[in-house]
Amino acid sequence: MGIVSAARLTAAVLACGAAVALPAVAHAKPQAPAQVVGAGAIYVPELAVHAGPVPTARVIARLTEFRPQDFRPRLVLAIDVLEGAAGRPAWYRIVVPGRPNGRTGWVRASQVRIKPAPTQIVVRRESRRVELWRGRDRVFSTRAAVGAPGMETPLGLYQVTLRFRPVRQPFLGTFAFETSAYSRLSEWPGGGVVGIHGTTQPWLLGRAVSHGCIRISNAAADFLKRRVPVGTPIRIVRS
C-alpha cells in the first residue's frame with residue numbers, strides 16, 4: 001500500500017466532517033553522500049600502495065594493472081589528493097580493494113588516471129533502500145534485500161568492479177554489479193564478494209535475508225545498468 005500524504009489525509013478527514021487536528025508531518029530531506037575525488041585505471045604493471053604519501057612509507061598492498069581472474073583493467077577509487085608543484089596531484093589516497101574491508105593507502109598520482117565520479121550508489125542497510133545520486137541530487141530510490149543477521153551487508157565505501165548480465169546464475173536476476181566489498185559469505189560466484197543484483201524472488205525485497213549481497217528488483221537492476229559504470233562509488237550506510 002502506498003504512503004498517503006498528510007495533505008490528502010487531511011482532505012479526507014475534512015470531507016467526512018471530522019473535527020480532528022492532524023499534526024504536521026515532517027519529511028526529512030535525504031542527505032547527499034560526501035563526494036569522492038574520482039575513480040580511474042592503474043597505469044603501471046604493479047601499483048604500490050603506501051601507508052603515507054611519501055616514497056619511503058611502508059607498502060601495505062600491491063595492485064596489478066589487470067584483475068587476475070578475468071584480465072579486465074582494475075580501477076581504483078580515490079578519496080583524497082595531495083597536491084605537489086604547480087598545484088598538480090602528487091599522491092592520491094585510495095580505498096584498497098580486498099580483505100579486510102575499509103583499508104586505505106596512498107599511491108603516486110603519476111601511476112593512475114583518476115577522473116571525476118559524478119554518480120554514487122547509496123545503500124541504506126536498515127532502511128533497506130538502494131539510491132542513485134548524481135552530485136547533490138537523488139535521482140532514483142528502490143527497495144532492497146540485505147544481509148541477514150550474522151551475515152550483514154558490510155558498511156563502508158566501495159566501488160563497482162564489474163557489470164554483467166547473468167547467464168549461468170539466473171538467481172542473480174536480469175543484471176548484476178560486482179562490488180569491492182566482502183562479506184562473510186555471499187551468493188556471489190566463488191563466495192564472499194558482495195554484489196548488487198536483480199532477483200527471481202521479489203517478495204523478499206525489504207527484508208534482511210541474503211548472505212551479504214544486495215538484491216533489488218529486475219526493473220531496478222535494468223534501470224541502473226544504463227547509468228552505473230564500472231568504478232562508480234558505493235556507500236553502504238547504517239540508516
Side-chain angles (χ1 to χ4, degrees), residues 29-50 52-53 60-61 63-67 70 72-98 101-124 129-142 154-164 175-181 193-196 214 216 220-237 239:
K29 184 178 180 180
Q31 184 175 1
Q35 298 299 296
V36 301
V37 174
I42 298 172
Y43 267 65
V44 290
E46 186 177 78
L47 179 68
V49 184
H50 296 262
I60 61 173
L63 305 176
T64 55
E65 182 180 6
F66 300 101
R67 292 160 39 112
D70 54 21
R72 295 174 183 266
R74 188 197 301 272
L75 270 66
V76 294
L77 182 64
I79 57 176
D80 200 359
V81 59
L82 180 65
E83 295 180 347
R88 296 178 179 175
W91 292 82
Y92 288 110
R93 185 160 68 99
I94 68 166
V95 177
V96 182
N101 295 321
R103 294 184 301 158
T104 64
W106 293 86
V107 299
R108 293 176 182 269
S110 61
Q111 297 182 343
V112 293
R113 297 290 185 271
I114 300 298
K115 298 180 180 179
T119 58
Q120 292 192 55
I121 291 176
V122 175
V123 179
R124 301 191 183 277
R129 306 289 301 181
V130 169
E131 301 170 349
L132 181 66
W133 289 77
R134 184 173 294 115
R136 310 296 295 178
D137 298 321
R138 186 179 66 173
V139 297
F140 181 72
S141 178
T142 189
L155 305 177
L157 177 61
Y158 310 100
Q159 67 181 138
V160 174
T161 56
L162 182 66
R163 303 158 26 100
F164 67 97
F175 205 78
F177 302 88
E178 182 180 288
T179 83
S180 58
V193 174
V194 173
I196 300 174
I214 300 149
I216 54 179
D222 290 338
F223 177 89
L224 293 178
K225 79 177 180 183
R226 299 189 297 272
R227 296 165 176 85
V228 176
V230 170
T232 298
I234 303 167
R235 293 186 185 273
I236 304 177
V237 299
S239 64

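Values reported hereafter were calculated over all heavy atoms of this structure, with side chains retained and with hydrogens, waters and symmetry mates removed.
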Side-chain contact test, heavy atoms from C-beta onward, threshold under 4.5 Å: evaluate it for [X] versus [Y] and give yes or no.
X	Y	answer
Tyr158	Pro233	no
Ile114	Val81	no
Val107	Val76	no
Leu157	Val36	yes

Using atom types as modelled and distance alone, determine if a side-chain donor or acceptor of [X] lies under 3.5 Å from a backbone N or O of [Y].
X	Y	result
Arg163	Val228	yes
Arg235	Ala34	yes
Arg93	Thr104	no
Ser180	Pro97	no
Asp137	Val139	no

To the nearest 0.5 Å, tell me how far [X] [atom1] sits from [Y] [atom2].
X	Y	atom1	atom2	value
Ile216	Leu224	CD1	CG	5.0 Å
Thr119	Arg227	OG1	CZ	11.0 Å
Glu65	Arg74	CD	CZ	10.5 Å
Arg67	Leu75	CZ	CG	10.0 Å
Trp133	Arg138	CH2	CZ	6.0 Å
Ile42	Ile94	CD1	CD1	7.0 Å

Neighbour count >12 (heavy atoms, 6.0 Å) for atom [atom1], [X]:
X	atom1	result
Arg226	CZ	yes
Phe66	CZ	yes
Arg134	CZ	no

Report task. Please test Thr232 against Phe177 for side-chain contact (heavy atoms from CB on, under 4.5 Å), starting from the C-alpha separation and ending with a verdict. Result -> CA-CA 10 Å; Thr232 298; Phe177 302 88; over 6 Å; no

Nearest heavy-atom neighbours spanning [X] and [Y]:
X	Y	answer
Ala117	Ala39	CB-N, 4.5 Å
Ala181	Pro154	CB-CG, 4.1 Å
Ala109	Tyr92	CB-CE1, 3.6 Å
Glu131	Ser141	CG-OG, 3.9 Å

Report task. Could you check Phe140 against Val130 for side-chain contact (heavy atoms from CB on, under 4.5 Å), going step by step and ending with a plain yes or no? Result -> CA-CA 8 Å; Phe140 181 72; Val130 169; 5.8 Å; no

**Report entry** Side-chain donor-acceptor contact under 3.5 Å, Thr161 with Glu178
**Finding:**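 Distance-only check passes for Thr161 and Glu178.
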
Requested in this report: State, without any angle test, whether Arg124 and Ser239 hold a side-chain donor-acceptor pair at a distance under 3.5 Å.
Outcome: yes

Report task. Measure up the His50 and Trp91 rings against each other and bin them: parallel (under 30°), tilted (30 to 60°), perpendicular (over 60°). Result -> perpendicular

